[in-house]
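Order of listing sets the numbers, starting from 1, for every ligand and every atom in it.
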Amino acid sequence: MEQIVNYIDGAFTQPLSKSWLDNYNPSTGEVYSKIANSNAQDIAKAYEAAEKAFPSWSNTTIDERSRILLKIASLIETNLVDLAEAEAKDNGKPLSLAMTIDIPRAASNFRFFAQAITQFASEAHESVGLNSMNFTLRHPIGVVGCISPWNLPLYLFTWKIAPAIAAGNTVVAKPSEVTPMTASLLGKIISEAGLPKGVLNIVHGTGSSAGQAIIEHPNIKAISFTGGTKTGEHIARTAAPMFKKLSLELGGKNPNLIFADCDYETMLETTVKSSFANQGQICLCGSRIFVEESMYEQFKKDFIEKVSQLKVGDPFNAETNLGAIVSQPHLEKIQSYIKIAEKEGGKILFGGKRVTVANLEKGYYLQPTVIEVQDNQCRVNQEEIFGPVVTIMPFKTEAEALKMANGVQYGLSATLWTNNLDRTMRLSKQIQSGIVWVNTWLNRDLRTPFGGMKNSGVGREGGFEALRFFTEPKNVCIKYNNQ
Ligand code: NDP
């Protein structure tokens, strides 16, 4: 059976732990490869390689770093089909999605930061009257840790790695143990692109062993993490006494506010996507849908009709809209929330059941599920489910809609559907989330700040925000004689 091994110091290496984990194909429910179950010794080895590579990489010219990142981007594009197939197999997502979103975006991440680093500048402040000049140096931090989740495996892995290495850092990175395949393939690509050995070290394994060793490592001074809020809290608690720099991109429970004055057809089509793309396993999915009362019944009918047309099935079938849920435990978690909804008095308007796909009977398939709820305080509206499950409920006034939108611990993103400019401005200012989309969803410009408020995270990624995170500012103040 294929083994997914670590990529350390420019070479594919067996784990020192000599221990292995099963890697499942969620669309068949079968183990199809073994992953290195790395431990603290493996992380120490990766750290040593990264530390050794740092002095040279951090002194490599911006042009040279940029050239290598651009090469990685084009090699990702050259390998589009292989990478997309690997992602679909490992994660269960439709191949069409991996081909059009995940892998192209991984290439864009490298291309974007290859260009951004050439424009990244620091500030100078002249202290008039004090005869002094300040300028800010921005040095790379050193060895940094990047830890990513399973929902958009290569997309989010590279979203961290690209700015980290563009800024001159060296990296110890861990993808989710649930979806290690494309990160492993990236090892081959960076080596072909000529990234010097030790600049990027990819270590596989569980969060509690390999991940924990990264966050506990005393000399890994910055951690960029995307994952669940509970894990983020644990990371913050562990890293704080060591004064590590942290970027935490965490969970969400995003509201989708639909006003009667919106462009109805566009809203309907996009709301199906924002509810169920990637089986609802995108941190930005709009899982709480609030609809203005005057159009609620109409929306309910039309939305259910559209959702009922979605095809759940083999990720490799071009007709498939929803593939498999990423893992058996995650499927069970989602199903448990559907039961909770019923117990709480929620009405399942559509879905809620496991789907059996011919010839893939052991795969983890679930119907897209729409639940009508009565109260925003119910658990299915308060807790992140992270699956193909949305709730809907009506609202009477803008103030009520806003109160419900903000009435959760999370604050990642929000979507507004309205053609009223005044309302757009009022709500955009008052909604508690890091991102507000108006009459669109998942519309991303990589220059914009990305991240969440409240329990959805700390810090921002994207554009220069990411380059600021991965550099340490140092002010130099020079006094001069004006006589
Ligand atoms: P987890 O928090 O379970 O895991 C994320 C990563 O952290 C994985 O690589 C995991 O390893 C690792 N990890 C787990 N425990 C530790 C630890 N003690 N120390 C260090 N690393 C650890 O999240 P999921 O993978 O389940 O991803 C889903 C979550 O991610 C959802 O809450 C979703 O909202 C959030 N997310 C947020 C995004 C954002 O931008 N805000 C974007 C995408 C997802 P392993 O899995 O191998 O055990």
Side-chain angles (χ1 to χ4, degrees), residues 4 21-24 35-40 43 90-91 93 101-102 105 145-157 159-160 172-181 183 202-217 220 223-239 244 246-254 277-287 325-327 329-331 333-334 383-387 408-413 433-435 442 444 448-462 465-466:
I4 297 177
L21 298 163
D22 289 337
N23 186 26
Y24 285 83
I35 323 161
N37 183 13
S38 309
N39 60 18
I43 296 297
D90 213 21
N91 171 280
K93 67 177 68 214
I101 304 281
D102 291 74
R105 174 59 192 273
C146 297
I147 302 176
S148 59
W150 48 257
N151 63 327
L152 301 164
L154 193 63
Y155 174 135
L156 289 175
F157 195 58
W159 180 232
K160 299 182 173 306
V172 177
K174 191 195 89 65
S176 169
E177 83 194 66
V178 183
T179 53
M181 192 51 103
I202 302 168
V203 187
H204 299 279
T206 64
S208 55
S209 175
Q212 186 69 22
I214 293 175
I215 62 171
E216 281 179 352
H217 197 293
I220 297 181
I223 306 283
S224 175
F225 168 81
T226 299
T229 293
K230 262 212 158 66
T231 317
E233 189 186 323
H234 169 78
I235 291 175
R237 204 173 274 135
T238 310
K244 294 187 187 220
L246 288 183
S247 172
L248 303 174
E249 298 292 337
L250 310 176
K253 192 76 196 175
N254 310 311
N278 204 37
Q279 297 74 249
Q281 302 166 141
I282 301 181
C283 52
L284 305 163
C285 277
S287 53
I325 302 297
V326 75
S327 68
H330 194 53
L331 172 71
K333 177 189 159 186
I334 300 168
E383 296 172 23
E384 186 183 43
I385 302 173
F386 213 56
V408 284
Q409 59 164 315
Y410 298 107
L412 186 54
S413 71
S433 67
I435 300 147
L442 208 63
R444 294 275 298 119
T448 60
F450 179 90
M453 292 169 64
K454 304 199 304 197
N455 293 5
S456 288
V458 178
R460 292 293 181 274
E461 295 183 336
E465 298 287 343

Residue Ile215 vicinity, atoms of ligand 1 by number, heavy atom under 4.0 Å: 19 (N)

Closest candidate by heavy atom, reference atom 10 (C) of ligand 1, pool Glu233, His330, Lys174, Glu461: Lys174

Proximal ligand 1 atoms for Leu412, defined as those under 4.0 Å from one of its heavy atoms: 41 (N)

Option with minimal heavy-atom separation from atom 35 (C) of ligand 1, where the choices are Ser176, Gly227, Pro153: Gly227

For Leu156, the ligand 1 atoms whose distance to one of its heavy atoms is below 4.0 Å: 42 (C), 43 (C)

N/O separation below 3.5 Å, Ser208 to ligand 1: no

Aromatic ring proximity Phe386/Trp150, centre distance under 6.0 Å: yes

Backbone or side-chain N or O of Asn151 under 3.5 Å from ligand 1 N or O: no

Nitrogen or oxygen atoms of Ser148 and ligand 1 under 3.5 Å apart: yes

Any donor-acceptor N/O pair, Thr206 side chain to Asn37 backbone, under 3.5 Å: no

Protein residue, atom and distance nearest to atom 40 (O) of ligand 1, heavy-atom basis: Phe450 CE2, 3.3 Å

Ile147 neighbourhood, listing ligand 1 atoms whose heavy-atom distance to it stays under 4.0 Å: 6 (C), 7 (O), 9 (O), 12 (C), 20 (C), 21 (N)

Atoms of ligand 1, numbered as shown, that sit under 4.0 Å from any heavy atom of Trp150: 24 (P), 25 (O), 26 (O), 27 (O)

Under 3.5 Å: N/O of Leu250 near N/O of ligand 1: yes

Atom 30 (O) of ligand 1 touched by protein (heavy atom, under 4.0 Å): yes

Distance filter under 4.0 Å to Glu249 heavy atoms, resulting ligand 1 atoms: 37 (C), 39 (C), 40 (O), 41 (N)

Closest candidate by heavy atom, reference atom 21 (N) of ligand 1, pool Gly451, Gly211, Ala239: Gly211

Contact atoms of ligand 1, heavy-atom distance to Gly205 under 4.0 Å: 47 (O)

Heavy atom of the protein closest to atom 27 (O) of ligand 1 (residue, atom name, distance): Pro149 CB, 3.3 Å

Option whose closest heavy atom lies nearest to atom 42 (C) of ligand 1, chosen from Cys283, Ser327, Pro175: Cys283

Those atoms of ligand 1 less than 4.0 Å from some heavy atom in Gln212: 17 (C), 18 (N), 19 (N), 20 (C)

Ligand 1 to Thr231 polar contact by distance, N or O atoms, under 3.5 Å: yes

Glu384 N/O to ligand 1 N/O under 3.5 Å: yes

Nearest atoms (heavy-atom pairs only) where Lys93 meets Gln279: CA-NE2, 3.8 Å

Selected option - heavy-atom contact closest to atom 17 (C) of ligand 1, from Gly207, Gly228, Pro329: Gly207

